[in-house]
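Residue numbers start at 1 and run along the sequence shown. Reckoned from all heavy atoms, side chains included, excluding hydrogens, waters and symmetry mates.
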Amino acid sequence: MTFAPAYRGFTLLEVVLATIAGALILVAIYAVFQQAIHLRDGATQRVRDTQTRMRAADVVRNDLRNAMISGGELASIVEGDCAGNDGIDNAQPGYLKFTTTTGKDTDDALYGDVQQVEYYVLKGSGTNANSGSLVRAVTRDLLETTTPQAEDEPILENVASMQVAFYDGTNWQTSWEYNTADSGTDSASTSGSSASTSGSGAETIPAAVRVDIQQAPPDLKSPTPPPIEVLVPWTTQPFTSPTPAPSAS
């Protein structure tokens with residue numbers, strides 16, 4: 001006599017235990033996946049922030065490296081102050097203005113070779129109430145008879161402060177003012193320093209300019225970003241008066 005083999009299925013307890021084990025494995029895989037996405041997003045944001053900071057530093061450095069201060073009617077301004085500029089509404093401390101040759105959008109733009117750029121921090125942006133936008137304002141047409149309208153371009157967000165300093169050959173000064181267009185003379189003055197120039201104009205502009213930009217942390221849990229420092233030496237030559245024409249006899 002032969003008997004057919006008996007087939008035994010899973011019990012209810014075994015099915016429940018297998019289901020629980022599978023669910024735990026899926027939860028663990030999902031947690032790892034979510035963590036990987038979070039790390040990827042954080043790394044992407046840090047790279048984006050670093051690129052934005054580098055671009056802002058490059059813009060400021062490029063303008064300073066290509067500054068043109070001739071003492072004439074157009075290329076005539078170097079102004080800056082850590083306390084800011086009272087003429088700009090809703091601006092935080094820190095201000096810098098000078099003339100440069102890098103204010104064109106393209107090489108074939110129909111503007112003069114010299115433009116005026118201003119840097120200041122405008123309140124009202126960023127997650128921190130005390131932060132703002134670093135603004136680059138460009139005045140491209142310096143020949144207008146009326147006061148030209150500058151074109152504002154925010155180049156960095158969440159900026160807490162901007163400090164400027166000017167090297168007079170001996171010490172760093174927190175403010176500087178040289179503007180032959182207003183004074184009509186080749187003279188410059190610095191606050192609290194011996195860099196005021198005489199008629200020779202040998203030290204009318206600083207030997208170097210430093211800009212320190214400090215951003216606020218993006219949130220309460222994040223550390224404060226390191227400061228951005230741009231230091232550009234200026235090679236200068238004394239301004240010379242033109243040789244007077246001989247008088248007719």
Side-chain angles (χ1 to χ4, degrees), residues 48-49 51-126 128 130-164 166 175-183 205-206 209-216 228-232 234:
R48 185 180 296 112
D49 292 342
Q51 291 176 339
T52 303
R53 288 163 54 87
M54 291 177 61
R55 177 188 176 276
D58 288 343
V59 170
V60 178
R61 184 180 296 108
N62 189 47
D63 282 342
L64 287 172
R65 283 179 175 174
N66 292 277
M68 182 176 180
I69 317 296
S70 68
E73 289 296 326
L74 298 181
S76 59
I77 297 176
V78 180
E79 295 179 3
D81 198 327
C82 287
N85 188 311
D86 295 335
I88 301 176
D89 297 332
N90 203 30
Q92 297 187 176
Y95 177 75
L96 178 62
K97 178 169 72 172
F98 56 97
T99 45
T100 184
T101 60
T102 52
K104 288 186 178 182
D105 296 326
T106 59
D107 293 337
D108 58 349
L110 298 177
Y111 299 110
D113 293 333
V114 181
Q115 299 82 37
Q116 176 181 287
V117 294
E118 297 177 77
Y119 286 96
Y120 55 89
V121 180
L122 192 63
K123 294 181 181 179
S125 69
N128 193 320
N130 296 322
S131 66
S133 300
L134 177 62
V135 176
R136 176 179 183 258
V138 182
T139 303
R140 294 185 171 88
D141 190 355
L142 301 181
L143 295 175
E144 291 187 13
T145 56
T146 59
T147 302
Q149 180 66 36
E151 299 181 15
D152 299 345
E153 176 193 5
I155 61 174
L156 188 64
E157 301 294 335
N158 216 35
V159 176
S161 64
M162 181 182 74
Q163 301 292 325
V164 295
F166 306 88
S175 65
W176 197 281
E177 182 176 358
Y178 170 75
N179 192 335
T180 58
D182 290 341
S183 63
I205 61 177
V209 180
R210 186 181 69 215
V211 180
D212 295 310
I213 303 169
Q214 179 62 64
Q215 284 186 289
I228 302 172
E229 181 177 290
V230 177
L231 174 60
V232 176
W234 278 354

Checklist entry - Please walk me through it: do Val159 and Ser131 pass side-chain contact (heavy atoms from CB on, under 4.5 Å)? => result CA-CA 5 Å; Val159 176; Ser131 66; 5.8 Å; no
Checklist entry - Strictly by modelled atom types, are Tyr95 and Glu118 linked by a side-chain donor-acceptor pair under 3.5 Å? => result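 Yes, because at least one side-chain N or O of Tyr95 sits under 3.5 Å from a partner of the opposite role on Glu118.
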To check you understand the geometry: which heavy-atom pair defines the closest contact between [X] and [Y], and what is its length?
X	Y	result
Ala67	Thr100	N-OG1, 3.6 Å
Gln92	Ala160	NE2-O, 3.0 Å
Phe98	Asp63	CE1-O, 3.4 Å
Thr52	Ile155	CG2-O, 4.2 Å
Met68	Val114	SD-CG2, 3.6 Å
Glu229	Arg61	O-NH2, 4.1 Å

Checklist entry - With a 4.5 Å heavy-atom cut-off, do Thr99 and Ile69 have their side chains touching? => result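 Yes. Closest side-chain heavy atoms under 4.5 Å.
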Checklist entry - How about Asp152 and Tyr120: do any of their side-chain heavy atoms sit closer than 4.5 Å? => result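 Yes, at least one pair of side-chain atoms sits under 4.5 Å.
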Checklist entry - Does the pair Leu156 and Ile228 meet the rule for a side-chain contact (heavy atoms from CB on, under 4.5 Å), with working shown? => result CA-CA 11 Å; Leu156 188 64; Ile228 302 172; 3.9 Å; yes
Euclidean distance, [Y] [atom2] relative to [X] [atom1], rounded to 0.5 Å:
X	Y	atom1	atom2	answer
Asp58	Arg65	CG	CZ	8.5 Å
Ser161	Gln214	OG	CD	6.0 Å
Gln116	Thr139	CD	OG1	4.5 Å
Glu79	Phe166	CD	CZ	9.5 Å

Main chain of [Y], side chain of [X]: is a donor-acceptor contact present, judged purely on distance under 3.5 Å?
X	Y	value
Asn158	Gln215	no
Trp234	Leu64	yes
Asn66	Asn62	yes

Item to check | Trace of the side chain to side chain donor-acceptor pair (under 3.5 Å) decision for Glu157 with Ser133 | outcome: CA-CA 5 Å; Glu157 301 294 335; Ser133 300; 2.6 Å; yes
Item to check | For Arg55, all residues meeting salt bridge (charged side-chain N to carboxylate O under 4.0 Å, His left out), sequence neighbours excluded | outcome: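 Arg55 satisfies salt bridge (charged side-chain N to carboxylate O under 4.0 Å, His left out) with Glu153 only.
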